[in-house]
**Student:** 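Please find one structure pasted underneath; my questions will follow.
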Amino acid sequence: MLKVRRPGIRPLVEADLHLLARLADIVESEAPDLRRYHLREVVREFTLSLRRELDFAAECRNAERIASHFADHPEIVIPAIHWSWSGERLNVQDYVEGIPGRDLAAVDAAGLDRKLLARRGAAAVLKMMLEDGLFHADPHQGNVFYLSENRIAFIDFGMIGRLSETRRHEVAVMLYGLVTGDSESVADVLLEWREGEEAADPDRLRRDIDNFVDQYKGVPLKRLDLAAMLSDLMTLLREHGLSLPPELSLLVKAFITLEGMGRQLDPDFDIAAEAEPLLRQVLVAHRTPAAMARRGWRSLGSAFDLLASLPQDLGSLLRAGRRGKLQIQVDVLSLKHAVDQLDRAISRMTIGIVTAALIIGTAIVMTVVRDPTLGGLRTLGLLGFIGAVGGGLWVLLSIWRSRRR
């Protein structure tokens, strides 16, 4: 299998990415209400992902890493890389002779078990997400081949998602809460993902999440549409002015794509039932003594590093204070809003005073006999009245805009 990067494509992509980044800057600067969507971070994640897709050497490394995770799973095939010919612009892998994922008629003709293929594909992608932390972010039918003995081959590892151990545990807690109807766990995770954002009403958010999850309690796993639940949950977050961390956008996308592919193979495909055992396994593994000891040791090391750097940080702080360079910034949003309102009011009042002065001054100028005329009107008086009208219109426009905000 040979994959060649189109000549001259990188400058075009970089130009488009630059425009996207600039657009995100403009939107976040000019539309404060949209800042909660972290457009800069979303564009940054997309940029990194697309640049990795253009680097075929990185794609080859991703394929080898994922292949190592499935070394003990003969039902999953990742084509081997031929590094002698592969590089940044060329990807050479073993040829996969199988049935393309879109050709379901050929799957039936070959006598393959579509239900088993759906379960194995879902189990593989869920393992990448929840166990390995390195997952295929675009598992659509074009990147999948079905082989003899109901094996599955994955190709094209340019778009890859990465999740830290902490994120994987949080995702497992949230998904398991959705599957089992534990709304409290779902709410805790979503509130943890705010990343500095504050919901307008956290109590109302918890009630809405509780009502959302409660409607699925008692529903058999077979009737749960987990991908649709995730989409509805993201909509609920947006209604409360919150958004997911940017790195989770690829996970949601992959999850929805995965379920769609499974349903095409098997209309009765139940991704919730497939996910539940693995979710439970991930949660149990998170609480094993070895895992807890590893996290405790890591936290202890961070605490010692903090204590070790404390004298140096305090010294820097004191030296900055002695030099008069110590600055303390307090950002009070309500006070800033009041100051902005006061500033606008003062500006309008100033223009109003200037306008009144123009009217009075113009009335005086109109009495001056020597003033030259323009169409029968005194020139200076006419200019004064035009300036007064302009100032008055500016004040009215400013008040109208303030009321619209």
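We number each residue from 1, following the sequence as shown. Just so it is clear, the values below take in all heavy atoms, side chains as well, and ignore hydrogens, waters and symmetry mates.
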**Student:** Which heavy atom in Leu12 sits nearest to a heavy atom in Gly8, and how many Å separate them?
**Tutor:**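 Between these two residues, the closest heavy atoms are CG-O, 3.8 Å.
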
**Student:** Do the charged groups of Asp132 and Arg65 touch, with an N to O distance under 4.0 Å?
**Tutor:** no

**Student:** Looking only at atom types and distance, does a side-chain atom of His140 sit under 3.5 Å from a main-chain N or O of Gly142, one as donor and one as acceptor?
**Tutor:** yes

**Student:** Name all residues meeting the ring-ring contact (aromatic ring centres under 6.0 Å, His included) criterion together with Tyr146; count only those two or more places apart in sequence or in a different chain, and write none if there are none.
**Tutor:** none

**Student:** On the six-membered ring of Phe56, is Lys3 placed so that its NZ or CZ lies under 6.0 angstrom from the centre and within 45° of the ring axis?
**Tutor:**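 Pair Lys3/Phe56 counts as cation-pi.
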
**Student:** Can you tell me how far apart CG (Leu126) and CZ (Phe135) are? Round to the nearest 0.5 Å.
**Tutor:** 11.0 Å

**Student:** Are Leu104 and Ile99 packed together at the side-chain level, in the sense that at least one heavy-atom pair is separated by less than 4.5 angstrom?
**Tutor:** no

**Student:** Got a second to check how far Leu258's CG is from Asp138's CG, nearest 0.5 Å?
**Tutor:** 11.5 Å

**Student:** Thinking salt bridges, do Arg167 and Glu170 make one under a 4.0 Å N-O criterion?
**Tutor:** yes

**Student:** What's the shortest heavy-atom distance between Leu279 and Ala172, and which atoms?
**Tutor:**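 Of all heavy-atom pairs spanning Leu279 and Ala172, the closest is CD2-CA, 3.8 Å.
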
**Student:** Looking only at heavy atoms, which two atoms of Ser148 and Leu112 are closest? And how far apart?
**Tutor:**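 The pair with the smallest heavy-atom distance is CA-CD2, 4.4 Å.
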
**Student:** For His136 and Asn62, run side-chain hydrogen bond (donor to acceptor under 3.5 Å, both in side chains): C-alpha distance rounded to whole Å, both residues' side-chain angles, the deciding distance at 0.1 Å, then the answer.
**Tutor:** CA-CA 9 Å; His136 198 310; Asn62 291 334; over 6 Å; no

**Student:** Which atom names give the shortest non-hydrogen contact between Asn91 and Ile81, and what distance separates them?
**Tutor:** OD1-CD1, 4.1 Å

**Student:** What heavy-atom pair brings Tyr176 and Glu276 nearest, and what distance separates the two atoms?
**Tutor:**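 So the minimum-distance heavy-atom pair works out to CE1-CG, 4.0 Å.
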
**Student:** Can you check whether Val92's main-chain N or O pairs, donor with acceptor, with Ser86's side chain at less than 3.5 Å?
**Tutor:**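 Checked: pair present.
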
**Student:** Charged N to carboxylate O under 4.0 angstrom, Asp266 versus Arg114?
**Tutor:** no

**Student:** Would Trp83 and Glu64 count as a side-chain hydrogen bond (donor to acceptor under 3.5 Å, both in side chains) here? Give the steps.
**Tutor:** CA-CA 11 Å; Trp83 281 106; Glu64 286 197 333; 2.8 Å; yes

**Student:** Indicate the atoms forming the closest heavy-atom contact of Phe157 with Ile160, along with that distance.
**Tutor:**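 Looks like O-CG1, 3.2 Å.
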
**Student:** Do Asp55 and Arg5 meet the salt-bridge criterion of a basic N to acidic O distance under 4.0 Å?
**Tutor:** no

